[in-house]
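The structure displayed is predicted, hence computed values, not measured ones.
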Amino acid sequence: VGRQAEHDIRWTYKVKDSDLGESITEIFARIGKSFPAVRHPTIMSHPVTGKAALYLSPGYTVRLCSFTEEDSRDTLDRIFKHVIQPQKVFAYRWEPHDLLIWDNRSVIHCATSIPDDADRLMYRIGVNDGPFFGG
């Protein structure tokens with residue numbers, strides 16, 4: 001209880017045409033200035049349901065604070081191995097004009113790959129219903 005994790009978007013950044021001419025170090029430095037790593041509780045209380053949920057992501061959580069680097073990586077790897085087991089994953093099969101809604105505070109989610117020649121159009125709507133972390 002009370003543990004914190006560091007989240008950093010740099011590890012999932014996709015290089016863009018506008019980044020050409022910059023080294024990865026320069027790109028990461030620029031992104032780190034605009035979007036610095038942040039610390040969050042590892043367990044949050046859902047502000048509506050009150051249920052506890054892990055607040056960790058294989059794409060963004062880079063370390064568990066107060067752990068050694070080795071223990072942090074080992075613990076995160078074990079957690080993600082457990083929660084991302086195929087029998088625990090809901091993989092949606094998209095059809096044209098589908099609408100999918102989920103509670104962003106309660107799931108680990110990611111986009112799936114599509115063929116290079118496929119079109120993907122998505123709209124994202126967020127609902128701000130108060131503070132993210134409940135007591």
Side-chain angles (χ1 to χ4, degrees):
V1 177
R3 296 217 186 268
Q4 301 242 319
E6 185 172 297
H7 301 256
D8 193 335
I9 68 163
R10 291 180 287 181
W11 309 115
T12 57
Y13 182 77
K14 292 175 180 62
V15 176
K16 302 174 187 160
D17 289 343
S18 60
D19 297 325
L20 292 177
E22 285 185 290
S23 70
I24 292 295
T25 303
E26 292 168 323
I27 293 169
F28 275 17
R30 177 172 41 81
I31 294 167
K33 276 186 173 178
S34 298
F35 305 99
V38 294
R39 290 182 175 194
H40 293 295
T42 56
I43 299 174
M44 51 90 64
S45 177
H46 192 286
V48 176
T49 67
K51 291 184 178 181
L54 283 175
Y55 190 65
L56 302 171
S57 163
Y60 299 106
T61 306
V62 294
R63 73 182 188 89
L64 296 171
C65 304
S66 78
F67 280 47
T68 66
E69 192 65 37
E70 184 178 332
D71 288 345
S72 172
R73 185 74 267 145
D74 179 60
T75 303
L76 286 171
D77 287 347
R78 287 187 294 127
I79 289 169
F80 296 139
K81 183 178 178 182
H82 177 74
V83 299
I84 305 176
Q85 295 176 60
Q87 67 269 25
K88 296 177 186 249
V89 173
F90 171 72
Y92 190 77
R93 299 209 186 276
W94 290 96
E95 296 289 333
H97 311 292
D98 280 356
L99 172 67
L100 186 63
I101 300 173
W102 65 86
D103 187 338
N104 210 41
R105 298 167 292 203
S106 303
V107 298
I108 297 173
H109 63 279
C110 68
T112 53
S113 60
I114 60 172
D116 290 338
D117 62 345
D119 290 326
R120 179 183 288 187
L121 175 63
M122 293 184 285
Y123 297 97
R124 179 178 177 155
I125 299 170
V127 176
N128 184 352
D129 60 354
F132 187 79
F133 296 104

Participant: Tell me whether Tyr13 at atom OH has more than 12 heavy atoms from other residues, nucleotides or ligands lying less than 6.0 Å away.
Facilitator: yes
Participant: Do you know which of His40, Arg39, Arg63 makes side chain to side chain contact (heavy atoms under 4.5 Å, CB included) with His7?
Facilitator: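 Checked His40, Arg39, Arg63 against His7; only one passes side chain to side chain contact (heavy atoms under 4.5 Å, CB included): His40.
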Participant: Only one of Ile79, Ile108, Thr42 clears side chain to side chain contact (heavy atoms under 4.5 Å, CB included) with Leu54; which?
Facilitator: Ile79
Participant: Going only through I, L, V, M, F, W and Y residues with side-chain contacts under 4.5 Å, is there a path from Val38 to Ile9?
Facilitator: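 Different clusters.
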Participant: Of all heavy-atom pairs between Gly21 and Glu26, which one has the smallest distance, and what is that distance?
Facilitator: O-OE1, 4.1 Å
Participant: Where is the tightest heavy-atom contact between Asp98 and Arg93, given as atom of each residue plus distance?
Facilitator: OD2-O, 4.0 Å
Participant: Does some side-chain heavy atom of Lys51 sit less than 4.5 Å from a side-chain heavy atom of Ser45?
Facilitator: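 No, too far: nothing below the 4.5 Å cut-off.
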Participant: Which heavy atom in Thr68 sits nearest to a heavy atom in Asp71, and how many Å separate them?
Facilitator: OG1-N, 3.0 Å
Participant: Salt bridge or not between Asp19 and Arg30? Use side-chain N to carboxylate O under 4.0 Å.
Facilitator: yes
Participant: For the CD atom of Gln4 and the CD1 atom of Ile43, what is their distance to the nearest 0.5 Å?
Facilitator: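 Output value for this atom pair is 12.0 Å.
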Participant: Can you find a heavy atom in the side chain of Asp74 that is under 4.5 Å from one in the side chain of Phe67?
Facilitator: no
Participant: Could you grab the distance from atom CZ of Phe28 to atom OG of Ser23, nearest 0.5 Å is fine?
Facilitator: 10.0 Å
Participant: In terms of ring plane angle, is the pair Tyr92 and Phe90 parallel, tilted or perpendicular, where the classes change at 30° and 60°?
Facilitator: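 Because their plane-to-plane angle lies in the 30° to 60° range, the rings of Tyr92 and Phe90 count as tilted.
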Participant: Could you tell me whether Arg73 and Asp77 make a salt bridge, using a distance below 4.0 angstrom between a side-chain N and a carboxylate O?
Facilitator: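 Salt bridge: yes.
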Participant: Take a 6.0 Å sphere around CD of Gln85 and say whether it holds more than 12 heavy atoms from other residues, nucleotides or ligands.
Facilitator: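 Yes, the 6.0 Å shell around CD holds more than 12 heavy atoms from other groups.
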Participant: Should Leu76 and Val89 be regarded as members of a common hydrophobic cluster, given that ILVMFWY residues are connected when their side-chain heavy atoms come within less than 4.5 Å of each other, either directly or indirectly?
Facilitator: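 Both belong to a single hydrophobic cluster.
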Participant: Locate the shortest heavy-atom distance separating Met44 from Tyr55; write the atom from each residue and the value.
Facilitator: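 Closest approach of Met44 to Tyr55, heavy atoms only: CG-CB, 3.9 Å.
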Participant: Glu6 pairs by side chain to side chain contact (heavy atoms under 4.5 Å, CB included) with which of Leu64, Thr61, Val62?
Facilitator: Val62
Participant: Establish whether Val107 and Leu100 are linked, either directly or via other cluster members, by ILVMFWY side-chain heavy-atom contacts under 4.5 Å.
Facilitator: yes
Participant: I need the minimum non-hydrogen distance between Arg3 and Ser66, along with the two atoms involved.
Facilitator: NH1-OG, 3.4 Å
